[in-house]
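Notes to accompany the following structure.
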There are 2 protein chains.
Amino acid sequence: MPQLPSARPRGPKPHRVDADQLLDAAQEIFSREGLRGASLRAIARQAGCDPALIYYHFDSKEAMFTALLERRFPPLIEDLRRVSDPGDRRPTPLRLWDVMCIYHTRLSHNPGIRSLVRGEIVRGTEGIQELIQNQVGGAALQVKAILEQGIARGEVRQDLDPLLSTFFLVKLHLEILDVLPVVASRLLGVPPGAAVAEGERAWMQLFWRGIAADPTAPVPSLPDLEP
Amino acid sequence: MPQLPSARPRGPKPHRVDADQLLDAAQEIFSREGLRGASLRAIARQAGCDPALIYYHFDSKEAMFTALLERRFPPLIEDLRRVSDPGDRRPTPLRLWDVMCIYHTRLSHNPGIRSLVRGEIVRGTEGIQELIQNQVGGAALQVKAILEQGIARGEVRQDLDPLLSTFFLVKLHLEILDVLPVVASRLLGVPPGAAVAEGERAWMQLFWRGIAADPTAPVPSLPDLEP
DNA sequence: CCCATGATTCAACAACTGTTGAATTAGGTG
DNA sequence: CACCTAATTCAACAGTTGTTGAATCATGGG
């Protein structure tokens, strides 16, 4: 008995939906709904395909989430490596400001995913811990190296714990990127974009005063962040 | 036709499951599974009742979550009010350290809920924004007042933005409480509790150096935090 | 004792979920 | 043209979800 023509033909399509497009859709839906709230049906709708196609590219929902995380970090670490090169002889505050610029450029979007990841870190979710520690740890080591070089050059306090200070610098910067825009209009009475720029500059200056070997040395003039 | 005896008799029980007990269970399940991942059936199991009882006390799952948030903040604000009283003439760093002690005491548990709340803030979830801003804003104003008094007394830099600095102080402290324990063993090679204590002390000292009017003034000796 | 009220469970609803095996198709190769 | 492979959809599975109306019960008051 001949089958009725199907609503949408099966088989490969001229405009393929590849793994990257699925991950683009995943990023948007995970960001908006969270890990548990995001459904594969919603991700498939966003990508314009059937949910079953997701299983062609990924083993499971969790595998897809892991793949999403894995494709995010490398450019950040490579950018940071350039700044942490000991051959960079600029004053430490300018190098740290570059670090902030890199984080701003690379991470000033998709706070939803980062909140999600942070939530999973706090929750102690296995599997993700390993992945994130490998990635974040790599970035942290670059920033730590800059602080260690600053100590060696006499610009940064000898009693500083470079790793802990790296945690402070990066973590508060992420709060400025993720949370400050949302509370800016209520708390500070300024638009979100201006709040982030102001917050980053203020944080850099406070942080530098907190770690500088010479407490009376002025903070160098900081160039504007790229938009 | 007489009905079979039910598995569990209906009607009021000697040991009642009241709204607070439901919220206790909710806090545990929301903390562990997140807002979307937490189910009313899991909350009811934790409380030892039927899921339908939740609807006797709350209009919906979302209403329950809102009620959970509403019952958390007040003691924090009251504690902070005592420290921000202008009658407190102690040096500003000791008052700010008290603030840190208060946050430590009141918030050093249930990072899961706070991550969840932070995620909803970042996501821009309506309804929750208003509630959280009212609560968090109240606490922030107390801390801001201490900074303003410090400026007036000449202990804190005149060019400081008190509200932004309050955001810095509190936000990084929450990261120390929530995230530092999780990454401590991998990143710092110390147990989580020690990492938090060390992190809080280091942050207080860095923050003070960053905001002090006299950059050469030493940070006063800080008493130990309560366990 | 009777009745009312508030507090509980039961059972069901409609909808959704992650996942899978099979059917179908597009395109490339020999 | 035939065949193969990879890529797609379909339909279904078993389970879960938030929510609700009705049945049942404990307790207290008249």
Side-chain angles (χ1 to χ4, degrees), chain A residues 1-26 29-30 32-68 116 120 125 127-128, chain B residues 1-26 29-30 32-68 116 120 125 127-128:
Chain A
M1 159 95 70
Q3 297 280 15
L4 291 171
S6 46
R8 299 201 293 178
R10 307 175 192 188
K13 300 238 181 312
H15 291 298
R16 304 279 193 87
V17 175
D18 61 13
D20 250 11
Q21 285 169 289
L22 289 172
L23 290 178
D24 288 342
I29 303 298
F30 280 132
R32 191 195 308 153
E33 311 288 345
L35 181 54
R36 310 293 171 77
S39 72
L40 296 178
R41 282 166 174 76
I43 292 173
R45 276 196 296 275
Q46 178 81 15
C49 66
D50 192 88
L53 182 57
I54 293 175
Y55 289 90
Y56 182 73
H57 292 285
F58 306 98
D59 287 340
S60 63
K61 182 183 182 186
E62 186 173 321
M64 179 180 217
F65 184 63
T66 299
L68 178 60
L116 202 158
E120 297 301 319
T125 307
I128 296 193
Chain B
M1 161 95 67
Q3 296 282 14
L4 292 171
S6 46
R8 300 201 293 176
R10 305 177 195 187
K13 299 229 179 320
H15 292 297
R16 302 281 191 88
V17 176
D18 61 13
D20 250 13
Q21 284 170 286
L22 289 173
L23 290 178
D24 288 342
I29 304 298
F30 279 132
R32 191 195 305 154
E33 310 289 344
L35 180 54
R36 309 292 170 79
S39 72
L40 297 179
R41 283 166 174 76
I43 292 171
R45 276 197 296 276
Q46 178 81 14
C49 68
D50 192 87
L53 182 57
I54 293 176
Y55 290 89
Y56 182 72
H57 292 285
F58 306 98
D59 288 339
S60 64
K61 182 183 182 185
E62 185 172 323
M64 178 180 218
F65 183 63
T66 299
L68 178 61
L116 204 158
E120 297 301 317
T125 307
I128 297 193

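Just so it is clear: chains get the letters A, B, ... in the order the sequence lines come, proteins before strands, and each one is counted from 1.
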Take atom CZ of B/Arg45 and atom C1' of C/dT9, then tell me their distance rounded to the nearest Å.
16 Å

Nearest whole angstrom, please: distance from the C1' of D/dT24 to the CG of B/Leu53.
14 Å

How long is the line joining CG of B/Asp18 and P of C/dG6, in whole Å?
17 Å

To the nearest Å, how far apart are A/Phe65 CZ and C/dT19 C1'?
19 Å

Answer whether the closest heavy-atom distance between the side chains of A/Leu68 and A/Met64 falls below 4.5 Å.
no

Is any side-chain heavy atom of A/His15 closer than 4.5 Å to one of A/Gln21?
no

Less than 4.0 angstrom between a side-chain N/O of A/Ser39 and OP1 or OP2 of C/dC16, yes or no?
no

Given that B/Arg16 and B/Leu35 both sit by DNA chain D, which one's nearest nucleotide is further toward the 5' end?
B/Leu35

Whole-Å gap separating P (C/dT25) and CG (A/Asp50):
15 Å

Atom pair distance, as rounded to whole Å: NZ in A/Lys61 and P in C/dT20:
14 Å

Correct closest heavy-atom pair for B/Gln46 and B/Arg32 would be OE1-NH2, 4.3 Å

By the 4.0 Å heavy-atom rule, please label A/Ala63 as base, sugar-phosphate, or nothing.
nothing

Quick check: closest heavy atoms across B/Ser60 and B/Tyr55, and the distance to 0.1 Å?
CA-CE2, 4.1 Å

Measuring to OP1 and OP2 of D/dT19, would you say a side-chain N or O of B/Tyr55 lies under 4.0 angstrom away?
yes

Check the distance between C/dG18's C1' and A/Arg36's CZ and give it to me in whole angstrom.
14 Å

What's the closest nucleotide to the side chain of B/Arg10 if the choices are D/dT17, C/dA26, D/dA22?
D/dA22

Per nearest nucleotide of DNA chain C, the residue lying toward the 5' end, A/Pro51 or B/Arg41, is B/Arg41

Nearest to the side chain of B/Pro12 - C/dG6, D/dT9, D/dG18?
C/dG6

Please report the shortest heavy-atom distance between B/Ala38 and B/Ile29, naming the atom on each side.
CB-CG2, 3.7 Å

Specify the separation, in whole Å, of atom CD of A/Glu62 and atom P of C/dT17.
18 Å

What contact category does A/Ala42 fall into here, base, sugar-phosphate, or nothing, at under 4.0 angstrom with non-hydrogen atoms?
nothing

Which is more 5' along DNA chain D, the nucleotide nearest B/Lys13 or the one nearest B/Ala52? Just name the residue.
B/Ala52

